[in-house]
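In what follows, every chain begins at residue 1, and chains take the letters A, B, ... in the order their sequences are listed. Computed from heavy atoms alone, side chains included, the values below leave out hydrogens, waters and symmetry copies.
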There are 2 protein chains.
Amino acid sequence: MMAISPKRKRILDFITDFIQDRGYAPSIRDIASGCSISSPSVAQYYVEALERDGFINRRPDISRSISLIDKTTGSGVPLLGTIAAGSPIPVPESDTWVAVPEESLEIPDYLIGGINNVYAVRVKGKSMIDALIDDGDIVVMQAANSVENGTMAAVWLKDRQEVTLKRFYRESGKIRLQPANTTMQPIYCQPEDVEIQGKVIAVMRKIQR
Amino acid sequence: MMAISPKRKRILDFITDFIQDRGYAPSIRDIASGCSISSPSVAQYYVEALERDGFINRRPDISRSISLIDKTTGSGVPLLGTIAAGSPIPVPESDTWVAVPEESLEIPDYLIGGINNVYAVRVKGKSMIDALIDDGDIVVMQAANSVENGTMAAVWLKDRQEVTLKRFYRESGKIRLQPANTTMQPIYCQPEDVEIQGKVIAVMRKIQR
DNA sequence: TGGTATATAATACAAATGTACTATAGTACA
DNA sequence: TGTACTATAGTACATTTGTATTATATACCA
C-alpha cells in the first residue's frame with residue numbers, strides 16, 4: 001500500500017467511518033458536506049484520486065458504490081513487527097499513525113472492546129514461556145507508560161536489556177514483576193531500571209500443522 | 001429472528017450475494033432484474049417486507065442503503081461451550097449445523113484460513129497449562145477423529161475421564177501424548193484408551209484488567 | 001361471501017446522484 | 001517565465017433510483 005497525503009487520509013477516514021456507522025457508502029455529495037467541501041466536483045476529484053491510489057473500489061455511474069480495499073473493516077490493528085528477547089518493542093508515537101502500517105491484523109471485537117491505541121507484535125523465541133506466551137504468538141497491546149498494580153504489562157528491563165511480559169506490582173520503593181506461571185519466582189528491581197511499554201490486552205496463537 | 005418464506009428468502013439471498021460480490025448494496029431495480037421481477041414496485045414490496053421482518057436495514061430516499069442485519073459476515077465460528085477437566089468436549093455432528101448456535105465468535109481469517117468444521121470452546125481451569133493454555137482461553141478447533149503424527153489435538157483419555165490438549169504421536173502400538181511445554185513428561189497410553197476429538201487450530205486469550 | 005394478506009405488474013415523477021465542463025489559485029520545476 | 005500538477009469552486013445535465021399510485025389475481029379465513 002502506497003503512502004497517502006493527510007488531506008486524502010481525511011477523506012478516506014470519513015468514508016471509512018461513514019460505512020462503519022451506517023452500513024452503506026456515502027454519495028459524492030455526502031463526502032463533500034461531511035468534509036466541508038463546497039462542491040461535488042471536488043469530492044469527486046478526491047474519490048478518483050483514492051481510487052487511482054488503490055484505497056477504494058467503485059463502479060462508474062453506480063451510486064454509493066464505493067467500497068474499501070483495505071479489509072481492515074472494524075477492528076484492524078497495526079502489526080508492528082516482532083519482539084525478540086533483548087530488543088525493545090517498537091511502540092508507535094501516540095497518534096502519529098498517518099502512514100498506513102504495512103500489515104494490519106483483524107482482531108475480534110470482544111478481545112479489544114473499544115480500547116484505543118492498540119497494536120500487535122509477534123513474539124520471537126520462548127523467553128516469555130513463563131507468561132504462557134509461546135514462540136510465534138501474537139500479543140495485542142495497548143500503548144501505556146504506566147499501569148495499575150497487577151496489570152500484565154510489557155516491561156523493558158534496562159539492566160538485562162530485554163523485554164518481558166509480567167504482572168506489574170509497585171511495592172514500597174521496589175518493583176515486583178510476577179510471572180503468570182505461578183511455579184516461577186518473581187523478579188524484583190528498582191523503579192529506575194524498568195520502563196513500561198504497554199498493557200497486554202490479548203494473546204492469539206496459531207497452532208502449526 | 002423470525003421465520004422467512006421461501007420467496008423472501010430468495011430475495012434476501014440475492015441481496016446477500018450481491019453485497020458479497022460487489023461490496024455495495026443493490027438498488028431496487030437491481031433486485032428486480034436479478035430476481036426476474038418485472039417491476040420495481042414488486043421489488044420494493046419485498047424489500048419493505050424484509051425490512052419489517054427485521055432481516056435488513058435501510059434508510060428512506062437513500063439509494064443502495066440496504067444493509068444486512070444478520071452479522072454473520074465472514075468467519076464467525078460457533079462457540080460451543082466450556083471444557084473443564086473431566087468432561088468431554090461437545091463435538092458437533094459433522095455438518096448438521098443448520099441451526100445458528102447461541103453464540104458466535106468472530107475469528108481472524110489468518111487464524112483459520114479456509115478450514116471448515118471449525119468451532120471454539122472456552123477452557124475452564126488450569127489443567128492444560130502445560131500446553132500453554134490458561135483458564136479462560138478460547139481454543140479454536142477443527143472437528144476430526146484422527147490426526148497426523150505431531151498434531152496438537154484435543155484427546156479424550158477414557159481411563160482418566162478427562163480431555164487434554166497434547167501433540168499426538170502413534171508409536172509402535174502405543175500412543176505418546178507430548179505436552180507442548182518441554183519441561184513436562186509425555187503420557188503413554190494404549191490406542192483403545194484415547195479418542196481424538198479435534199485438531200487445535202488456534203488459541204486466543206483475553207488478558208483481564 | 002367478503003375481507004385481508006400475499007404476489008405481481010405497469011407507469012409516472014421527483015429527488016438523489018454521478019459526471020462533465022469551465023475556471024481560479026498556488027506551488028514546484030525547468 | 002511558462003508549464004504542469006494539485007487543490008478548489010460553481011454549475012448544468014442526464015441517469016439512476018426511491019417512491020406513489022393504480023390495478024389484477026390468488027389463497028385463506030371468518
Under the side chain to side chain contact (heavy atoms under 4.5 Å, CB included) rule, collect the residues that match up with A:S67, sequence neighbours excluded.
A:N57
By side-chain hydrogen bond (donor to acceptor under 3.5 Å, both in side chains) - contacts of B:S65 (at least two apart)
none
Could you please name the partner base of C:dA14, counting Watson-Crick and G-U wobble pairs only when both distances are under 3.5 Å?
D:dT17
On a heavy-atom basis, which atom in B:R64 and which in A:Y24 lie closest, and how many Å separate them?
O-CB, 3.7 Å
Over all strands shown, is B:R58 touching base, sugar-phosphate only, or nothing at heavy-atom distances under 4.0 angstrom?
sugar-phosphate
Tell me every residue that passes side chain to side chain contact (heavy atoms under 4.5 Å, CB included) with B:E192, counting only those two or more places apart in sequence or in another chain.
B:Q190
Quick one: side chain to side chain contact (heavy atoms under 4.5 Å, CB included) partners of A:S33, sequence neighbours excluded?
none
Measuring to OP1 and OP2 of D:dG18, would you say a side-chain N or O of B:Q44 lies under 4.0 angstrom away?
no
Close approaches to DNA chain C from residues 33-41 of chain B, in residue order (heavy atom, under 4.0 Å):
B:S38, B:S39, B:P40, B:S41
For B:E51, the salt bridge (Lys or Arg N to Asp or Glu O under 4.0 Å) test, sequence neighbours excluded, returns B:R58
Which whole-number value in Å describes the distance from B:R29 CZ to D:dT15 P?
14 Å
C:dA16 OP1/OP2 closer than 4.0 Å to side-chain N/O of B:R64:
no
